[in-house]
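Worksheet: one structure, shown below.
Proteins come first, then strands; the chains are lettered A, B, ... in the order of their sequence lines, and each starts at number 1.
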2 protein chains.
Amino acid sequence: MEASIDDILKKNQLSVTSSRKKILELFLVNNGALSHGDIEKKAASKFDRVTVYRTLQAFLEKGVIHNIPTADNSIRYALCKDDCSEGHHHDNHVHFICNNCSSTICLDNVIIPSIKLPKGYTSTQVEVVVSGVCKECK
Amino acid sequence: MEASIDDILKKNQLSVTSSRKKILELFLVNNGALSHGDIEKKAASKFDRVTVYRTLQAFLEKGVIHNIPTADNSIRYALCKDDCSEGHHHDNHVHFICNNCSSTICLDNVIIPSIKLPKGYTSTQVEVVVSGVCKECK
DNA sequence: TTATTTTTCGCAACCTTGTTGCAAATTATT
DNA sequence: AATAATTTGCAACAAGGTTGCGAAAAATAA
């Protein structure tokens with residue numbers, strides 16, 4: 001397990017440091033989305049606040065994580081699937097936010113139906129955020 | 001025109017003040033979404049920053065405006081259509097963000113297709129944010 | 001392995017964004 | 001016009017996020 005974390009970092013041209021390993025591990029263990037606050041709570045005792053910000057930014061730039069738009073505009077990040085990395089995020093997946101436990105989940109298998117826009121509009125990306133009750137809380 | 005602004009405020013049980021009139025007017029003139037920053041830039045010389053916040057909050061509570069989730073998590077507000085007001089926003093419309101001019105538009109006429117969630121998930125709200133190029137910029 | 005270069009970290013300081021309490025001013029009500 | 005109820009602006013604060021820079025840690029070269 002240790003090795004695979006290092007590999008992910010190297011594959012994305014990120015130098016391997018203890019803070020990056022730790023934060024990446026948090027994403028792998030917690031298989032939902034994390035807010036900056038979540039990460040700070042779980043790892044901030046070990047790292048500076050600024051380091052967490054910079055690490056997330058580096059992960060974003062390299063396509064390791066992506067951010068999720070939420071109705072309350074709190075920023076959340078989630079791991080990208082493998083095909084995310086090469087510059088162009090495929091990003092066309094559904095995000096689900098549970099109103100009860102407020103966990104955020106990427107539903108990669110849910111297909112987004114095509115949306116018919118009015119004349120003159122061109123779409124390059126579609127973000128769908130569904131809120132409701134997740135299967136753990138039902 | 002002046003009269004109609006007053007009417008909208010009264011209809012929504014908001015006392016008519018100069019700041020509310022001015023901010024509501026901004027939304028009416030600018031028929032897209034506005035961020036708090038936009039409003040501050042356009043009206044802050046006249047009003048205190050806090051007043052803008054409280055006005056937007058009041059508008060939100062009364063259902064005059066609603067907020068829009070964006071990919072970069074900047075908060076944007078847009079006027080609600082008439083059927084928004086009664087507590088339950090209908091909210092099921094598509095928001096479009098132009099990558100070029102970065103204006104945000106409510107596409108009220110675009111129908112959101114129903115999305116099939118995995119077993120165990122219940123949906124109460126679906127937000128769709130499409131980004132691309134708007135008809136002005138194409 | 002050691003030396004050198006490059007990158008990252010942590011600290012402090014700062015900026016932006018948003019909130020709260022309270023007295024003064026403005027609206028609504030009578 | 002007088003009173004009651006809201007709203008405003010100020011100041012002060014809190015949270016969230018950024019920047020510069022020397023110290024520390026990684027990566028690279030020798």
D/dT7 OP1/OP2 closer than 4.0 Å to side-chain N/O of B/Ser15: yes

Rounded distance in Å - CG (B/Asp6) to P (C/dT26): 17 Å

Going through the checks in order, is the side-chain contact (heavy atoms from CB on, under 4.5 Å) test met by A/Tyr121 and B/Val133? CA-CA 6 Å; A/Tyr121 289 87; B/Val133 184; over 6 Å; no

To the nearest angstrom, how far is B/Tyr53 atom OH from D/dT8 atom P? 16 Å

Looking at D/dT7, D/dC10, D/dT8, which one has an atom nearest to any side-chain atom of B/Ser19? D/dT8

Are B/Val16 and B/Leu28 in one and the same hydrophobic cluster, where Ile, Leu, Val, Met, Phe, Trp and Tyr link if side-chain heavy atoms are under 4.5 Å apart? yes

Is A/Thr51 near enough to C/dG10 that one of its side-chain N or O atoms lies under 4.0 angstrom from OP1 or OP2? yes

With sequence neighbours excluded, what pairs up with B/Glu40 under the side chain to side chain donor-acceptor pair (under 3.5 Å) test? B/His36

Can you check whether any acceptor in the base of D/dG17 is under 3.5 Å from a donor in the side chain of A/Arg49, or vice versa? yes

Expressed in angstrom and rounded to an integer, what is the separation of B/Lys46 atom NZ from D/dT7 atom C1'? 16 Å

Whole angstroms only, please: what is the CZ-P distance between A/Arg20 and D/dA24? 19 Å

Rounded distance (Å) that lies between atom P of D/dA25 and atom NZ of A/Lys22: 19 Å

Atom-pair distance (CZ on A/Phe47; P on D/dA25), nearest Å: 13 Å

Taking for each residue the nucleotide of DNA chain D bearing the nearest heavy atom, is the 5' side occupied by A/Lys10 or by B/Arg54? B/Arg54

Angle between the two end axes of the helix from C/dT1-D/dA30 to C/dT30-D/dA1, five base pairs per end, rounded to 10 degrees? 40°

Between C/dT8 atom C1' and A/Gln13 atom CD, what is the distance in whole Å? 16 Å

Could you tell me the separation between the CG atom of A/Leu56 and the C1' atom of C/dT8, rounded to a whole number of Å? 15 Å

Less than 3.5 Å apart, any donor N or O on the side chain of B/Ser4 or B/Asp7 sitting next to an acceptor on the other? no

Answer with yes or no whether the side chains of B/Arg20 and B/Thr55 bring together a donor and an acceptor at under 3.5 Å. no

Is it true that the side chains of A/Lys138 and A/Asn100 contain a donor and an acceptor less than 3.5 Å apart? no

Base, sugar-phosphate, or nothing for A/Ser18, non-hydrogen atoms under 4.0 angstrom? nothing

Of the listed nucleotides D/dT8, C/dT7, D/dC10, the one nearest the side chain of B/Asp48: D/dC10

Can a donor-acceptor pair be found between the side chains of A/Arg76 and A/Ser35 at a distance below 3.5 Å? no

